[in-house]
Structures are given as C-alpha cells and as structure tokens.
Amino acid sequence: MTSSAGSGSTGSRDDKVTEAILLVGGKGTRLRPLTVNTPKPMVPAAGVPFLTHQLARARAAGVEHIVLATSYLAEVFEPHFGDGSSLGLSLEYVTEKEPLGTGGAIRNVAARLRSGPEDPVLVFNGDILTGLDIEALIATHRDSGADVSLHLTRVPDPRAFGLVPTDGNGRVTAFLEKPQTPEEIVTNQINAGAYVFRRSVIDTIPAGRPVSVERETFPELLASGAHLQGMVDSTYWLDLGTPQAFVRGSADLVLGRAPSPAVPGRRGDRLVLDSASVAPDAKLSGGTVVGAGASVASGARIDGSVILAGAVIEESAVISASLVGEGARVGARVHLDGAVIGDGAVVGADNELLHGARVWCGAHLPPSSVRFSSDQ
Ligand code: GTP
C-alpha cells in the first residue's frame with residue numbers, strides 16, 4: 001500500500017486520488033416534478049447542471065478519471081459532458097440495464113477503473129453539495145489503512161439519515177439506518193455520501209443484482225471485520241434531494257456560502273445568465289438565478305429562487321424560495337413561496353402557492369379571481 005509521509009489535510013501531497021465514481025442513476029422521486037424530464041444531477045443549480053459543481057470540485061482535488069454510473073434518464077449525461085475534456089477530466093459512462101442501487105452501481109463500473117487493487121477510489125453520491133476537504137479524506141484513508149473511509153457530518157436531527165458512530169480513533173463501530181427512538185440515536189454523525197474505497201473492496205460487492213451500499217455493503221464489511229474509518233468534516237453540507245434543499249443549495253452557491261469552481265460569473269446576490277432579460281425595476285435577491293432565455297417583467301420581486309431556462313415571470317409576481325421549471329410561465333401578481341413549478345407549466349395571474357405546493361409539468365392553473373396584495 002502507498003504510505004503517506006504526513007497526516008491530516010495539510011500533510012503530504014501524496015494524499016492524492018486520481019479516480020472517482022459518481023452515482024447519478026437515482027430516480028430523484030423527492031424532487032419531482034423537476035426530475036420528470038431531467039435526472040437530479042442535471043437540474044441546474046447556480047446556472048449549470050448540479051453535477052458540474054461536483055465534477056469541478058473533484059478535478060480541483062486532483063481527480064483525473066471519473067466513471068458516471070447512470071440509470072434513470074441515462075441518455076442525457078454524455079451529450080452534455082462528452083469526454084470531460086472541457087473540465088480537464090476523462091469521463092466514462094456506464095448505464096445499468098436495471099437500477100442496481102448504490103452498491104450495485106459501484107460494482108457495475110469496476111471494469112472501467114484503472115486503479116490497482118490497493119489504490120484509493122473516490123465515490124460520490126450525485127446529489128450532495130459539500131465543501132468536504134477531499135484531500136483530507138484521502139489522507140485519513142491512507143493514514144488509517146482503512147478498507148473504506150467515509151465522510152461523516154453532524155446534523156441536529158439525524159432521524160432521516162444513516163447514523164455512523166465511531167470509536168475514539170474514528171473507526172466505525174456500527175451503521176444504524178434512520179433511527180427513531182432516543183435510545184437508537186446514539187450519535188449525531190451521519191453518512192454524508194462521499195467515500196474512499198480501497199479498489200479491491202469494490203470487487204467484493206456482488207455483481208449483477210441490486211445492492212445498497214448503505215444497508216448491505218457497509219454493515220456486511222463491518223461484520224466481517226473490515227476496517228471502516230469515519231472522518232467528521234463539518235464544513236458546508238447539503239443533501240439536495242428535496243426541492244427546498246435544492247433551491248437553498250443553488251442560492252448558497254450564488255451567494256458564495258457553498259464552494260464551487262464552476263459557478264458562472266461572480267458570486268453575489270443574484271446570477272442572471274447572459275441571454276436572460278430582467279426589467280430594470282425587478283428586484284432579484286438572496287442568490288436568485290435567472291436561467292438562459294428566461295424573462296422577468298417589471299415590478300417582479302424574486303428572492304432565493306431558481307428560475308430555469310426560458311421561464312417567463314410576469315409583472316409584479318412575488319417569488320421566494322421557489323423553483324420555476326424550464327419554459328414555465330408565472331402570471332402577473334402571482335405569489336410563490338416554497339413552491340415548485342414544473343417544466344412548461346402555466347400559473348395564471350393572481351394565484352398564491354405556498355409551502356411545498358407543486359405544479360406538475362405542463363399543467364395549467366387558471367387565473368385566480370382573488371387578488372392578493374403584493375405589498376405584504
Ligand atoms: P430519491 O428517489 O428522491 O430518494 O432520490 P435518489 O433516487 O437519487 O435516491 P438517493 O438520494 O437515495 O440516491 C443517492 C445517490 O445514489 C444519488 O446520487 C442517486 O443518483 C444514486 N443512486 C440511487 N440509486 C441508484 C441506482 O440504482 N443506480 C445508480 N447508478 N445510482 C443510484
């Protein structure tokens with residue numbers, strides 16, 4: 001095994017990993033209707049498909065070769081990213097015939113890996129926005145001699161996540177999926193969706209059938225005596241699985257709270273893509289993005305929201321923490337707060353859609369007969 005001359009994130013630059021697997025095949029059901037036409041990693045965040053941010057961060061950490069494990073709407077990835085050379089990467093695509101789950105997807109791309117049996121391979125969930133110090137995770141992996149190292153983060157309410165308690169040396173002691181009772185909540189450390197595998201461990205995952213890395217591979221490795229190491233890194237971390245989180249992540253990228261070398265243009269209060277048009281008296285704030293070819297009419301106020309390409313926002317609409325899909329139309333004086341409008345949908349004038357409201361792709365909501373005051 002390669003040894004590290006130093007330890008920790010500031011240690012030897014021997015702490016390199018050149019190869020990664022990105023899991024991008026999930027159906028993204030929690031993000032519907034955004035994921036009806038577009039797989040979750042391709043939904044634009046801060047003006048570019050979310051996956052671009054992950055690819056750019058991996059590249060910045062020294063990764064050269066990335067295999068994308070695709071399944072749902074697999075055909076859209078390669079036309080966009082090609083061979084990866086525009087990002088300084090070599091990209092390959094492997095599509096599952098049937099969805100293989102997270103562990104099955106990792107195993108399914110093993111034949112494309114170029115690493116030797118002892119080399120580290122980075123694995124990322126395709127929906128995590130994080131400032132993780134990738135090099136520190138690699139250093140932890142090398143210094144501890146682990147079979148698999150996991151990025152762990154701390155959350156105030158871990159009930160929706162997989163808990164990963166560790167001992168005093170950071171060695172993983174258990175995997176506890178979605179604990180509910182106070183007795184089950186033994187730690188606030190959760191699996192943050194980024195791992196380093198010793199390459200040979202990937203080859204031990206069963207091939208050709210669905211496998212969950214979280215529920216099957218990790219617990220079985222632990223039971224068999226394998227060394228799983230956790231590294232708590234409490235930097236920026238957000239699972240973009242829900243519309244609310246997705247909108248927040250996009251705004252945080254624009255505002256500069258979340259790190260990415262791939263945000264087009266300068267960080268600031270708003271990001272307006274080149275071919276978009278915004279009326280001079282419209283107000284954009286809180287990291288709002290207006291996508292290519294979209295238009296925002298006079299008097300509109302948009303805060304912390306994502307307006308995708310070609311969408312039309314009519315006069316005096318008031319939008320906050322919402323996502324408006326491609327080519328959708330939001331009528332005059334409409335009020336959206338925490339809403340998701342699917343691609344091509346039309347929300348007629350004066351409607352009010354609040355807290356988690358979703359309008360399906362292509363749906364038409366007639367204008368409302370009740371006018372609300374846009375000064376509220
Ligand atoms: P939800 O349906 O909303 O839970 O989203 P999801 O389908 O993305 O599932 P989840 O968030 O649990 O997935 C975690 C990561 O694994 C995401 O990056 C998914 O794209 C990816 N993933 C999940 N299932 C599969 C699969 O069967 N094949 C592949 N290649 N990737 C998967």
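Numbering of ligands and ligand atoms starts at 1, following listing order.
- Distance screen at 4.0 Å: atom 9 (O) of ligand 1 has no protein heavy-atom neighbour inside the cut-off.
- At a 4.0 Å heavy-atom cut-off, ligand 1 does not touch D239 at all.
- For ligand 1, the atoms closer than 4.0 angstrom to any heavy atom of L100 are 27 (O).
- Close approach of ligand 1 to K40 (heavy-atom distance below 4.0 Å) involves ligand atoms 5 (O), 6 (P), 8 (O), 11 (O).
- Residue A69 touches ligand 1 through backbone and side chain together, judged by heavy-atom distances below 4.0 Å.
- In this structure, F77 has its ring center at least 6.0 angstrom away from the ring center of Y93.
- Ligand 1 has an N or O atom lying under 3.5 Å from an N or O atom of G25, backbone or side chain.
- Close approach of ligand 1 to A105 (heavy-atom distance below 4.0 Å) involves ligand atoms 28 (N), 29 (C), 30 (N).
- Electrostatic pairing of E220 and R215 does not count as a salt bridge here, judged by no charged N lying under 4.0 Å from a carboxylate O.
- Considering backbone and side-chain atoms alike, P99 places every N or O at 3.5 Å or more from each N or O of ligand 1.
- Looking from atom 7 (O) of ligand 1 to the surrounding protein, the closest heavy atom is K27 N, 2.9 Å.
- Using a 4.0 Å cut-off between heavy atoms, V24 contacts ligand 1 through its backbone alone, with no side-chain atom that close.
- The shortest contact between atom 2 (O) of ligand 1 and any protein heavy atom is with T29 OG1, 2.6 Å.
- Residue L23 has at least one N or O atom closer than 3.5 Å to an N or O atom of ligand 1.
- In terms of protein heavy-atom proximity, atom 28 (N) of ligand 1 is nearest to E96 OE1, 2.9 Å.
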Would E19 and S115 satisfy side-chain hydrogen bond (donor to acceptor under 3.5 Å, both in side chains), going step by step from the backbone distance to the final call? CA-CA 7 Å; E19 195 157 55; S115 303; 2.4 Å; yes
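- In this structure, atom 20 (O) of ligand 1 lies nearest to the protein heavy atom G26 N, 2.8 Å.
- In this structure, atom 27 (O) of ligand 1 lies nearest to the protein heavy atom G101 N, 2.7 Å.
- Remark: ligand 1 atoms within the under-4.0 Å shell around heavy atoms of R30 are 1 (P), 3 (O), 4 (O), 5 (O), 11 (O).
- Distance check on atom 12 (O) of ligand 1: every protein heavy atom falls at or beyond the 4.0 Å cut-off.
- Within 6.0 Å of CD in E98 there are 12 or fewer heavy atoms belonging to other residues, nucleotides or ligands.
- For the pair R112 and V94, the minimum side-chain heavy-atom distance is below 4.5 Å.
- Closest to atom 16 (O) of ligand 1 among all protein heavy atoms lies T102 CG2, 3.4 Å.
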